[in-house]
Amino acid sequence: MTERFIPLIDQRFGSLSAGVPAQPIRATGLLSDSLGRSLRDLRISVTDRCNFRCGYCMPKEVFDKDHTYLPHSALLSFEEITRIARQFVAHGVGKIRLTGGEPLLRKNIEDLIEQLAALRTVEGRPLDLTLTTNGSLLARKARALKAAGLQRVTISLDGLDDAVFRRMNDVDFPVAAVLEGIDAAHQAGLGPIKINMVVKRGTNEREILPMARHFKGTGIVLRFIEYMDVGATNGWRMDEVLPSAEVVKLIHAQLPLAQLEPSAPGETAERWRYADGAGEIGVISSVTQAFCGDCNRARLSTEGQLYLCLFATQGHDLRSLVRGLNGGPGASDEQLASAIGRIWQGRSDRYSQLRGSMAPDDSDGRRRVEMSYIGG
Ligand code: SAM
Ligand code: SF4
Ligand code: SF4
């Protein structure tokens with residue numbers, strides 16, 4: 001008789017089991033990793049699907065009609081996400097960002113926002129609860145998101161020129177609809193709004209100045225992100241990276257800038273203000289200037305894998321811990337907190353600092369996790 005194996009876990013990338021340590025690790029809000037970095041920021045991916053096909057993230061040739069997405073049963077439920085998030089908050093997380101794929105594609109996302117908005121930090125404050133979106137569904141959803149308790153949004157927008165924008169999202173989506181979404185977010189009070197623009201040399205660097213001019217003086221903070229070597233599918237090349245220093249130089253020549261202090265430890269963006277007082281911009285230099293030294297971010301994938309770095313090849317399987325394995329009982333809240341505590345204490349990731357001395361796939365052939373799977 002042939003044996004039939006039913007995989008319990010549909011995991012896209014390498015996974016480590018998340019064990020419960022024999023000695024409990026209590027959540028005191030003071031956790032630090034092996035390099036002395038605190039845990040402050042949790043990014044939760046709520047779907048691996050997207051209605052865009054940005055070449056730097058989900059290239060059409062790879063994410064085509066034959067690509068299989070996670071089945072619904074593999075996704076963490078909203079209750080599971082909230083339960084896990086609660087333990088992260090007890091360990092000191094004060095900021096939660098929902099992401100994806102495109103987070104607004106997850107059905108009833110407002111219900112999750114409502115549950116997360118009820119959490120309180122170790123100091124008893126509401127969380128800084130935000131969401132990163134491509135903006136395509138914002139015009140329709142902004143008010144409901146605000147009503148559910150979302151505080152603010154970051155919207156990705158890679159250019160104002162309609163032809164450039166359609167080419168970059170690669171599904172012919174018009175820029176006007178995203179601009180409407182930004183307006184709707186503003187009207188709904190989902191601020192301060194941030195705009196993320198990934199800059200790819202040879203593709204959209206001509207959009208830098210028009211974007212800066214468009215958002216200058218609006219209270220919206222435009223941030224320029226260096227094109228990163230995340231995942232294993234975007235065919236990244238260093239010569240397509242436009243260093244942030246060049247972006248700043250280009251803008252400064254037309255619209256004078258002065259550098260600002262970072263507003264919070266672990267902040268990824270370097271901040272610059274317009275000399276005439278008309279607001280600020282940010283640059284995120286993940287490639288040319290590593291900021292691993294104070295990286296306080298953890299990432300939870302759609303199916304409950306905990307990733308300690310954007311460039312990780314393996315996650316820690318929290319879903320099995322929460323659901324229990326082979327019909328066994330799931331972990332208690334204390335056990336879950338201990339497991340998370342131990343994983344964070346063992347963290348030594350600092351990919352961006354080590355970039356250059358590493359191969360695109362690590363030595364035992366494991367594939368780097370995709371950005372659309374764990375979010376930005
Ligand atoms: N779909 C949503 C969006 O686009 O805002 C949320 C998920 S997306 C993966 C999160 C952020 O990652 C976006 O701002 C996107 O521009 C950025 N991103 C994706 N791939 C990138 C890459 N290779 N380099 C730099 N940023 C990237
Ligand atoms: Fe989708 Fe966002 Fe990735 Fe673009 S960057 S393909 S919008 S998940
Ligand atoms: Fe954090 Fe990893 Fe990025 Fe360094 S490379 S800043 S450790 S996510």
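What's counted below: heavy atoms across the whole structure, side chains too, no hydrogens, waters or symmetry copies. Order of listing sets the numbers, starting from 1, for every ligand and every atom in it.
A donor-acceptor contact closer than 3.5 angstrom links the side chains of Glu370 and Thr233. In this structure, a donor-acceptor pair under 3.5 Å is absent between the side chains of Asn296 and Asp33. Between the side chains of Tyr227 and Asn204, no donor-acceptor pair of N or O atoms lies under 3.5 Å. Side-chain N/O atoms of Glu79 and Gln115 include a donor and acceptor closer than 3.5 Å. Gln305 and Ser15 are linked by a side-chain donor-acceptor pair at a separation below 3.5 angstrom, with hydrogens and angles left out of the test. Between Ser45 and Ser301, the side chains place no donor N or O within less than 3.5 Å of an acceptor N or O (distance only, hydrogens not considered).
Within ligand 1, the atoms closer than 4.0 Å to a non-hydrogen atom of Asn196 are 14 (O), numbered from 1 in the order shown. For ligand 1, the atoms lying closer than 4.0 Å to a non-hydrogen atom of Glu102 are 1 (N), 2 (C). With ligand atoms numbered from 1 in the order given, ligand 3 contributes 5 (S) to contacts under 4.0 Å with heavy atoms of Tyr351. Contact atoms of ligand 1 toward Val230: 22 (C), 23 (N) (distance under 4.0 Å to a heavy atom of the residue). Taking every heavy atom of Asn234 and a limit of under 4.0 angstrom, the matching atoms of ligand 1 come to 23 (N). For ligand 1 and Asn134, the ligand atoms under 4.0 Å from any heavy atom of the residue are 2 (C), 3 (C), 5 (O). Residue Gly100 has at least one heavy-atom neighbour below 4.0 Å for each of these atoms of ligand 1: 7 (C), 9 (C). Those atoms of ligand 3 with a heavy atom of Ser352 less than 4.0 angstrom away are 5 (S). Close contacts of ligand 3 with Arg299, meaning ligand atoms under 4.0 Å from a residue heavy atom, involve 8 (S). Residue Gly101 approaches ligand 2 through these ligand atoms, each under 4.0 Å from one of its heavy atoms: 8 (S). Short contacts between ligand 1 and Val198, defined as distances under 4.0 Å to a heavy atom of the residue, involve ligand atoms 16 (O), 25 (C), 26 (N), 27 (C).
Look at Arg26 and Glu334 and you find no salt bridge, because none of the NZ, NE, NH1 or NH2 atoms lies under 4.0 Å from a carboxylate O. At a threshold of 4.0 Å, the pair Glu240-Arg201 does not count as salt-bridged, since none of the basic side-chain nitrogens sits closer than that to a carboxylate oxygen. Taking a cutoff of 4.0 Å between a charged side-chain nitrogen and a carboxylate oxygen, Arg53 and Asp170 do not qualify as a salt bridge. Salt-bridge annotation for Lys60 and Asp64: absent, with no side-chain N of the basic residue lying under 4.0 Å from a carboxylate O of the acidic one. For the pair Asp294 and Arg37, the salt-bridge criterion is not met [side-chain N within less than 4.0 Å of a carboxylate O].
In this structure, Gln353 does not count as a contact residue of ligand 3, since none of its heavy atoms falls inside 4.0 Å of the ligand. Contact between Glu226 and ligand 1 is present, with at least one heavy atom of the residue lying under 4.0 Å from the ligand. Ligand 1 has Gly101 within reach: a non-hydrogen atom of the residue lies less than 4.0 Å from it.
In terms of protein heavy atoms, atom 4 (Fe) of ligand 3 is closest to Cys292 SG, 2.3 Å. Among all non-hydrogen protein atoms, the one lying nearest atom 3 (Fe) of ligand 2 is Cys57 SG, 2.4 Å. Counting protein heavy atoms only, atom 7 (S) of ligand 3 is closest to Asp349 O, 3.5 Å. From the protein, the heavy atom lying nearest to atom 8 (S) of ligand 3 is Leu310 N, 3.3 Å.
Looking at Thr99 next to ligand 1, no N or O pair under 3.5 Å apart turns up. Considering backbone and side-chain N/O atoms, Tyr227 never comes within less than 3.5 Å of an N/O atom of ligand 1.
Within the 4.5 Å cutoff, the side chain of Ile251 has heavy atoms near those of the Leu257 side chain.
Counting backbone and side-chain atoms alike, Cys309 contributes an N/O/S atom closer than 2.8 Å to atom 2 (Fe) of ligand 3. For atom 4 (Fe) of ligand 3, the set of nearby N, O or S atoms under 2.8 Å includes none belonging to Cys295.
Of the heavy atoms in Cys50, only side-chain atoms (C-beta onward) come closer than 4.0 Å to ligand 2.
Between Phe63 and His67, the ring planes are tilted. Angles from 30° to 60° get that label. Ring planes of Phe173 and Phe165: perpendicular class, angle over 60° (limits at 30 and 60°).
Heavy-atom proximity to atom 6 (S) of ligand 3, evaluated over Arg347, Arg43, Arg297, Arg350, is greatest for Arg297.
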